[in-house]
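Residue numbering restarts at 1 for every chain, and letters A, B, ... go by the order of the sequence lines.
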Protein chains: 2
Amino acid sequence: MAKTANRAYSRYTREAVELLAVMIREARIERKLPAKELAERAGISRGLLQRIEKGDPNCSLGAVFEVAYLLGIRLFDSDERALASTLVMSKEKLSLLPKMARKPARGVDDDF
Amino acid sequence: MAKTANRAYSRYTREAVELLAVMIREARIERKLPAKELAERAGISRGLLQRIEKGDPNCSLGAVFEVAYLLGIRLFDSDERALASTLVMSKEKLSLLPKMARKPARGVDDDF
DNA sequence: TTTAAGTGCTCTATTTATAGATCATAATTT
DNA sequence: AAATTATGATCTATAAATAGAGCACTTAAA
């Protein structure tokens, strides 16, 4: 009852994942950092780093983000302070929204 | 011999993952899209979507990116055409770099 | 206020990701 | 050209992720 199997990703997703992979490999090579060493710093195996740099979408988000971070790649705010406050603001905004997503019966505002 | 275990993420990574999670939940609620429906569209289970919106770093990169994409969240270029060309350029740049990361013997250019 | 839908949790079976080791090959340095 | 390091690939055991279902509770619509 698991059948995770072959997922169908959108083209955007596929390219975004691959771009991130290429950016990572680029940054690593530019910094002359051997895969083995980067993997150790990130707390992952060399094999996993290899998959990440290959653009495997089945790698864990945390591992990929951590590797990117160690190489100086910032997906959101470039400094931690800014990211922290952005996060706080987003949480506040979220708290103001309704807690459930319910479609108003039928008729209007539906995304066909 | 797997012992994947508890990884230690940097603060930046933790916050980046959580921010993405909040952005996703925000976008979903704003669009009045029930979790069940979004999960179906993304080809994942409702349980996984729940973990994604909770900021679990152990979710697969592809699943998270796909959900974000479906909600209109673009981590890189906003339109697919731009992303595609960015990807091509990045690949070209990568092809010009040395293929291995080797540290020049000893002495200079080391990132301590 | 009633009612139905959405959500959050938990549990289990199963698939899949990951670590770790090894080996052959390729790419740099010297 | 020789030496050495980095990489890519493969294999195995194990841990972890995921699907799917069920259930109580909450929320918002009517």
Side-chain angles (χ1 to χ4, degrees), chain A residues 1-9 17 21 24-26 28-64 66-67 94-110, chain B residues 1-9 17 21 24-26 28-64 66-67 94-110:
Chain A
M1 275 162 195
K3 207 55 174 301
T4 306
N6 5 1
R7 287 194 186 119
Y9 298 108
V17 169
I24 286 173
R25 170 163 264 259
E26 239 174 54
R28 184 177 67 76
I29 301 284
E30 276 175 349
R31 299 185 173 217
K32 303 189 191 310
L33 199 54
K36 183 188 175 190
E37 195 171 327
L38 177 56
E40 279 171 4
R41 293 193 194 181
I44 65 176
S45 65
R46 191 169 67 94
L48 177 53
L49 178 56
Q50 241 174 170
R51 284 175 49 217
I52 290 174
E53 292 190 346
K54 239 184 159 184
D56 187 334
N58 298 311
C59 299
S60 65
L61 183 68
V64 178
E66 183 67 15
V67 168
L94 177 58
S95 73
L96 298 178
L97 271 76
K99 290 159 191 173
M100 285 184 174
R102 195 162 187 170
K103 304 179 148 177
R106 244 301 152 213
V108 252
D109 195 37
D110 207 341
Chain B
M1 270 156 201
K3 206 55 173 300
T4 305
N6 4 2
R7 288 197 185 116
Y9 298 109
V17 169
I24 286 174
R25 170 163 263 258
E26 239 174 56
R28 185 178 65 77
I29 301 284
E30 277 175 347
R31 300 188 172 213
K32 302 188 191 312
L33 199 54
K36 182 186 174 191
E37 194 171 328
L38 177 55
E40 279 171 3
R41 292 192 195 182
I44 66 176
S45 65
R46 191 168 67 92
L48 177 53
L49 178 56
Q50 242 174 170
R51 284 175 49 215
I52 290 174
E53 292 190 346
K54 238 184 160 183
D56 187 333
N58 298 310
C59 300
S60 65
L61 184 69
V64 178
E66 183 67 15
V67 168
L94 176 58
S95 73
L96 298 178
L97 291 168
K99 289 162 190 173
M100 286 185 174
R102 195 163 188 171
K103 303 179 151 181
R106 244 304 151 209
V108 252
D109 195 37
D110 208 342

(request) Calculate the interatomic distance between B:Leu94 atom CG and C:dA27 atom P; express it in whole Å. (result) 14 Å

(request) Evaluate the side chain to side chain contact (heavy atoms under 4.5 Å, CB included) criterion for residues B:Leu33 and B:Arg41: first the C-alpha distance (whole Å), next the side-chain angles of each, then the deciding distance (0.1 Å), finally the verdict. (result) CA-CA 11 Å; B:Leu33 199 54; B:Arg41 292 192 195 182; 3.8 Å; yes

(message) Rounding to an integer number of Å, can you tell me how far A:Leu48 CG sits from D:dA9 C1'?
(response) 15 Å

(message) Between A:Arg51 and A:Ala101, which residue's closest nucleotide on DNA chain C lies nearer the 5′ terminus?
(response) A:Ala101

(request) Round to a whole Å and report the spacing from CZ of B:Arg25 to C1' of D:dT27. (result) 12 Å

(request) Measure from CD1 on A:Ile29 to P on C:dA27 and round the result to the nearest Å. (result) 12 Å

(message) Heavy-atom nearest nucleotide on DNA chain C for B:Lys99 versus A:Met100: which residue maps closer to 5'?
(response) A:Met100

(message) Rounded to whole Å, please give me the gap between CG in A:Leu61 and C1' in D:dT18.
(response) 16 Å

(request) Map A:Leu97 and B:Leu49 onto DNA chain D by nearest heavy atom, then report which one ends up closer to the 5' terminus. (result) B:Leu49

(message) Rounded to whole Å, please give me the gap between NZ in A:Lys36 and C1' in C:dA19.
(response) 15 Å

(request) To the nearest Å, give me how far apart CD (B:Gln50) and C1' (D:dG20) are. (result) 13 Å

(request) Look at B:Arg102 and C:dA26 and indicate whether a side-chain polar atom (N or O) is within less than 4.0 Å of OP1 or OP2. (result) no

(request) Give a yes/no on whether any side-chain N or O of B:Arg28 is located under 4.0 angstrom from OP1 or OP2 of C:dT7. (result) yes

(message) With a 4.0 Å limit, can you tell me whether A:Lys54 has a side-chain N or O closer than that to the phosphate oxygens OP1/OP2 of D:dA9?
(response) yes

(request) Please check the phosphate of C:dA17 (OP1 and OP2 only) for any side-chain N or O of A:Asn58 closer than 4.0 Å. (result) yes

(request) Hey, could you give me the CD1/CG distance between A:Ile24 and A:Leu38, rounded to the nearest 0.5 Å? (result) 8.5 Å

(request) May I ask you to say what B:Ala63 touches in the nucleic acid, namely base, sugar-phosphate or nothing, with a heavy-atom cut-off under 4.0 Å? (result) nothing

(request) Whole angstrom is fine here: how far is it from CD in A:Glu53 over to P in D:dA6? (result) 14 Å

(message) If I take atom CZ from residue B:Arg51 and atom CZ from residue B:Arg46, how far apart are they, to the nearest 0.5 angstrom?
(response) 14.0 Å

(request) Establish, with yes or no, whether the OP1 or OP2 oxygen of C:dA17 is under 4.0 angstrom from a side-chain nitrogen or oxygen of B:Ser60. (result) no

(request) Give a yes/no on whether any side-chain N or O of A:Arg7 is located under 4.0 angstrom from OP1 or OP2 of C:dT15. (result) no

(message) For B:Ile44 versus A:Arg7, what's the shortest heavy-atom pair and its separation?
(response) CG2-NE, 3.7 Å

(message) Strictly below 4.0 Å: does B:Arg46 bring a side-chain N or O up to OP1 or OP2 of C:dT7?
(response) no

(request) Work out which heavy atom in A:Lys32 is nearest to a heavy atom in B:Arg102; give both atom names and the distance. (result) CD-O, 3.8 Å

(message) I want to check one thing: is the phosphate of D:dA28, taken as OP1 and OP2, less than 4.0 Å away from some side-chain N or O of B:Lys32?
(response) no

